[in-house]
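Let me begin by presenting the structure, written as structure tokens, before commenting on it.
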Amino acid sequence: MKSYNTLEIKRIEDKWRKLWDEKKTFKVSADPAKKKYYVLEMFPYPSGKIHMGHVRNYTIADVMARFKMMQGFNVLHPMGYDAFGQPAENAAIKNHTDPGDWTYRCIAQMRDELKMMGFSYDWDRELATCDAEYYKWNQWIFLKMMEKGLAYKKASPVNWCPSCLTTLANEEVIHGACWRCKTEVVQKDLEQWYLKITHYNDALLEDLKKLKNWPSRVVAMQENWIGKSYGVEIYFKIKRNGGRLSVFTTRPDTIFGATYVVLAPEHPLVAALVKGTPAEKAVTDFVEKTRNVAKSVRVTGDSAKEGVFTGQYASNPVTDEEIPIWIGDYVLMDYGTGAIMAVPTHDQRDFLFSKEHNLPLRIVIQDPANPDAKPEDMKAAFEGEGKLVNSKPFNGIGNEEAKQKISQWMEQQAMGKITVNWRLRDWLISRQRYWGTPIPIIYCQKCGTVPVPEKDLPVELPQNVKITGEGGSPLLKVPEFVNVKCPKCGEKARRETDTMATFFDSSWYFLRFCSPVNSEKIFDEKEAAYWMPVDQYIGGIEHAILHLLYSRFFTKFLNDLGLVNVSEPFDRLLTQGMVLKDGEVMSKSRGNTVDPDSVISKYGADTLRLFILFAAPPEDQLEWNDSAIDGAWKFLSRVWNLVDMKFKSVSALPSSLTSQDKELERERNAAIKKITEDLSGHEGFKFNTAISQLMVLTNRIEKYEIKSPEQQAAFNHAVKTLVMLLAPFAPHVGEEMWEMMGNVPSIVRASWPTYNEAALKLDAVTMVVQINGKIRSKYEVQTDTQEDRLRDLVNSDEKLKAYIEGKEIKKFIVIPNKLISIVV
RNA sequence: GGGCAAGUGGUGGAAUGGUAUACACGCAGGACUUAAAAUCCUGUGGCCGAAAGGUCGUGAGGGUUCGACUCCCUCCUUGCCCACCA
């Protein structure tokens with residue numbers, strides 16, 4: 001007899017981890033004869049230690065993977081590291097280490113921690129995005145995109161710290177200042193590389209409809225992000241030079257109320273518009289001032305709307321009125337045409353701007369709640385629905401209908417054209433950083449921008465580069481990297497020193513996992529065709545937009561190249577909830593973390609896995625509770641004791657004679673049914689209720705009395721089922737108990753138990769009697785008792801006399817085996 | 001401002017429109033022990049009642065239904081995401 005204690009658990013867990021490793025239990029290869037299942041969790045940034053969020057994410061995935069293995073699927077379950085990125089550079093600055101050394105040390109530590117949890121990865125497929133053999137293919141994809149015109153260079157404003165001489169991500173700009181040195185951040189134009197994700201606007205939006213197994217809120221978030229809106233581009237004539245000024249609006253129904261137009265400060269027409277006029281200086285000053293405000297500060301809805309009058313006028317095409325042209329910081333250059341028509345009565349932003357600068361208002365849509373409203377009394381814009389007024393031929397029409405009519409009419413009159421606008425912008429991938437994939441480009445005085453030839457890939461990151469965080473990109477200061485010969489003409493040339501955004505790396509790693517050891521190709525098409533799409537993807541909601549959108553984009557691109565046969569990478573998506581402690585998200589900065597290591601050393605990985613799945617449904621937030629872990633531990637030890645103390649091999653067959661035997665068999669079948677359903681996820685994955693069902697079965701088995709060899713056999717049968725059902729959740733003890741019962745490991749090769757519907761039937765059921773909706777009585781009756789018999793029971797029921805006697809029974813409803821509802 | 005979730009015992013949470021609170025945690029009482037820990041047993045939504053039982057009860061208010069945590073409408077609260085996107 002082995003007692004269930006911390007020491008013993010440690011021995012068992014070590015034993016199985018070692019065996020899985022040695023026997024490569026989870027190694028898989030593509031085999032068209034078998035049904036495949038690809039389970040993938042969002043790979044981690046290798047910070048060294050895993051945290052509870054990782055534990056939760058990967059435990060969910062592991063249960064799915066092991067369940068599918070037992071169901072006979074060929075399961076691909078790989079793991080890797082999203083290893084490029086800023087933390088390595090920050091660590092380098094702080095500790096004077098090399099980002100590469102630091103990262104690989106972290107990876108080694110992280111791998112050990114993942115192994116401690118007993119996850120069923122095929123470790124032969126492990127990859128890190130900072131390996132040259134991986135990022136080589138980033139560069140390859142980039143070149144292919146360039147070839148297809150989907151990667152291009154453009155000057156664009158970036159957040160720039162004048163003291164550190166570096167660009168900053170929006171998150172690094174804190175209250176308009178550099179996060180490191182607190183210097184005020186300015187906007188600076190830099191030539192940078194973009195990926196033309198907007199080429200796939202329509203496909204990215206349309207194909208969201210295919211993603212039936214994604215959480216609806218993720219689909220909604222992507223939809224909003226892509227942001228397709230229908231409207232009209234309206235042409236205004238500039239009075240001074242007769243030029244055309246285009247604005248985009250989704251509200252053509254309000255065109256008769258457009259009382260001025262506003263241009264973004266960066267609008268290309270601004271300079272010509274004011275050149276040589278008295279307003280020139282004021283306008284130039286304003287444009288300059290706006291440039292020096294970080295975008296993240298400018299783009300907040302609640303700040304005052306600043307602007308300046310150009311002194312110029314444009315004519316409203318439908319009224320021929322001359323209306324003033326303004327410059328305003330609330331108009332964004334990179335949406336629509338960078339210019340708007342302002343309708344202050346029916347747009348709150350325009351309303352605020354008009355009050356600030358004393359501009360005219362005209363009501364063109366009547367507020368049904370306030371039909372006699374006067375513009376000068378308005379406290380806010382009216383943005384609801386109503387009938388048109390002051391709109392000549394369209395007066396009296398509902399504004400939704402007017403949208404259609406006015407759009408068509410304007411197009412006929414050549415006043416504008418019906419257009420579609422997208423919120424989605426092209427993806428800026430240039431980063432002025434060291435620890436990322438070098439962009440494979442060479443600049444030659446003679447030949448211009450030259451892509452690095454494919455045979456010269458990878459462009460490797462130089463080592464031993466000093467990272468200071470100041471003075472621009474570290475690669476600029478590595479002459480042997482920068483100075484190269486032009487691949488075209490052989491003359492002196494200069495390498496691109498920017499590296500790629502790390503989202504690039506994670507946009508296709510799921511494909512590399514299909515054939516990770518492959519120096520000839522990005523991946524093997526046949527293997528990718530077998531494994532793709534990912535059947536189940538699991539990760540945090542924080543990646544609901546960017547990572548998932550970019551991965552969808554890359555998959556579509558590689559699909560167009562003919563390398564993959566799917567256009568969507570992830571069939572099913574689960575976004576797991578956060579792990580909280582004391583009501584707050586567990587995080588290092590809050591100092592409220594619980595280290596998985598400390599839990600594992602006390603209770604073992606199985607207990608931790610069980611607790612984290614039992615505490616809440618996978619998509620919900622999970623509140624950490626130290627004492628509830630004891631519950632998981634206690635449960636495992638109870639199962640252990642059943643196997644260890646009461647399981648005895650016997651040659652008899654199970655009997656099904658007594659009611660207790662029948663009851664045990666019923667519970668056994670019920671558990672198989674419920675747990676199989678909960679793990680299949682047809683109505684969402686429910687690990688918490690699956691575990692509670694394991695507990696119910698355990699409770700039942702514990703009460704079972706063994707008085708004969710036949711009953712011992714029935715007991716054994718039930719315990720064996722219990723261990724199989726438990727194994728995906730608690731794999732180490734699962735394997736150990738499986739072996740103790742005389743079976744051959746590994747338990748993942750055992751086939752998942754099936755149930756018998758007939759065994760689920762009860763002999764007797766409790767039926768309740770409701771009178772006018774209130775429960776008044778209960779009966780123990782035989783299953784499937786018919787209505788006649790039930791009526792007899794009701795009629796002879798003393799308790800019901802008071803409610804029924806002397807009253808007319810209007811309805812007598814029977815829900816078989818559940819209840820009787822009587823209306824009197 | 002827009003979008004999406006979610007509100008159930010002391011706590012985490014269960015409930016194809018059919019006995020609300022499964023399964024746990026916690027707590028209380030008991031057994032074992034010199035004692036404690038561990039383990040086991042019993043109880044555990046509120047109110048009235050010795051009990052039988054009655055009555056109220058799933059954020060608030062309405063509606064549909066024989067019957068509503070579940071479906072519909074209005075509102076409140078909390079969380080998450082997006083947001084000067086014209």
Side-chain angles (χ1 to χ4, degrees), chain A residues 3 5 215-225 227 229 231 247-251 254 258 261-262 264 298-305 328-332 334-343 346-350 352-353 383 421-425 541-542 544-545 575 577-578 580 583 585 611 614-617 619-632 634-635 637-638 641 674 683 686 688-699 702 766-775 777-778 799 810-824:
Chain A
S3 69
N5 59 44
S216 56
R217 64 172 169 154
V218 175
V219 173
M221 280 158 83
Q222 296 233 338
E223 233 170 62
N224 289 341
W225 191 261
S229 52
V247 305
F248 174 74
T249 183
T250 54
R251 295 293 306 273
T254 63
V261 293
V262 191
R298 186 176 142 196
V299 183
T300 46
D302 38 0
S303 60
K305 294 181 174 24
D329 66 351
Y330 76 106
V331 178
L332 307 173
D334 53 4
Y335 184 77
T337 61
I340 61 153
M341 65 177 208
V343 186
H346 304 296
D347 181 289
Q348 184 61 15
R349 293 156 304 185
D350 297 343
L352 291 173
F353 191 80
E383 295 178 327
N421 239 296
W422 302 85
R423 219 197 70 118
L424 185 66
R425 315 280 152 82
I541 186 78
E542 67 273 20
I545 298 179
T575 51
M578 307 248 204
L580 311 183
V585 175
F611 163 74
F614 183 54
E619 318 228 35
D620 288 9
Q621 297 189 326
L622 182 153
E623 175 71 31
W624 185 264
N625 180 341
D626 282 320
S627 56
I629 294 181
D630 283 327
K634 210 156 77 179
F635 168 65
S637 77
R638 280 166 53 205
N641 288 337
K674 170 79 175 142
E683 267 141 59
K686 298 179 184 172
N688 55 332
T689 54
I691 292 169
S692 76
Q693 194 65 40
L694 285 169
M695 290 170 170
V696 170
L697 179 59
T698 304
N699 292 344
E702 279 178 338
T766 307
M767 291 191 73
V768 296
V769 185
Q770 289 186 345
I771 295 180
N772 291 344
K774 289 205 184 281
I775 293 160
S777 190
K778 294 179 190 185
K799 270 190 285 190
K810 285 187 183 157
K811 277 188 184 170
F812 193 94
I813 299 162
V814 176
I815 307 297
N817 299 326
K818 283 209 171 124
L819 63 70
I820 303 158
S821 188
I822 302 167
V823 187
V824 297

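By convention in this document, chain letters (A, B, ...) are assigned in the order of the sequence lines, proteins followed by strands, and residues within each chain are numbered from 1.
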Counterpart residues, salt bridge (charged side-chain N to carboxylate O under 4.0 Å, His left out), relative to A/Arg217 (two or more places apart): none
Those residues that, when tested against A/Lys686, pass salt bridge (charged side-chain N to carboxylate O under 4.0 Å, His left out) (two or more places apart): none
Phosphate OP1/OP2 of B/A22: any A/Asn699 side-chain N/O under 4.0 Å: no
N/O (side chain, A/Lys634) to phosphate O (OP1/OP2, B/C25) under 4.0 Å: yes
Taking any heavy-atom pair under 4.0 Å as a contact, classify [X]: base, sugar-phosphate, or nothing.
X: A/Gly631; value: sugar-phosphate
X: A/Arg425; value: base
X: A/Lys778; value: base

Which nucleotide, [options], lies nearest any side-chain atom of [X]?
X: A/Lys774; options: B/A86, B/C56, B/C25; value: B/C56
X: A/Ser216; options: B/C84, B/C66, B/A5; value: B/A5
X: A/Met221; options: B/C81, B/C23, B/A83; value: B/C81
X: A/Ala220; options: B/C40, B/C25, B/G3; value: B/G3
X: A/Arg217; options: B/C4, B/G3, B/A86; value: B/C4

A/Arg638 and A/Asn699 side chains, donor-acceptor separation under 3.5 Å: yes
Ion pair check, A/Asp334 and A/Arg425, cut-off under 4.0 Å: yes
Is there any protein nitrogen or oxygen under 3.5 Å from a nitrogen or oxygen in nucleotides 11-18 of chain B, and what are the pairs?
| unit_1 | atom_1 | unit_2 | atom_2 | d |
| --- | --- | --- | --- | --- |
| B/G12 | O2' | A/Ala615 | O | 2.4 |
| B/G13 | O3' | A/Asn688 | ND2 | 3.3 |
| B/A14 | OP1 | A/Asn688 | ND2 | 2.9 |
| B/G18 | N2 | A/Gln770 | OE1 | 3.2 |

Anti or syn - B/G9, cut at 90° from 0: syn
Sub-6.0 Å ring centroid separation between A/Tyr335 and A/Trp422: no
Which residue lies more 5' along RNA chain B, comparing A/Asp334 with A/Glu702 via nearest heavy atoms: A/Glu702
Pairing partner of B/A28 (Watson-Crick or G-U wobble, both distances under 3.5 Å): B/U42
Counter-base of B/G79, judged by Watson-Crick or G-U geometry with both distances under 3.5 Å: B/C4
Straight-line distance of A/Leu819 CG to A/Gln770 CD, nearest 0.5 Å: 5.0 Å
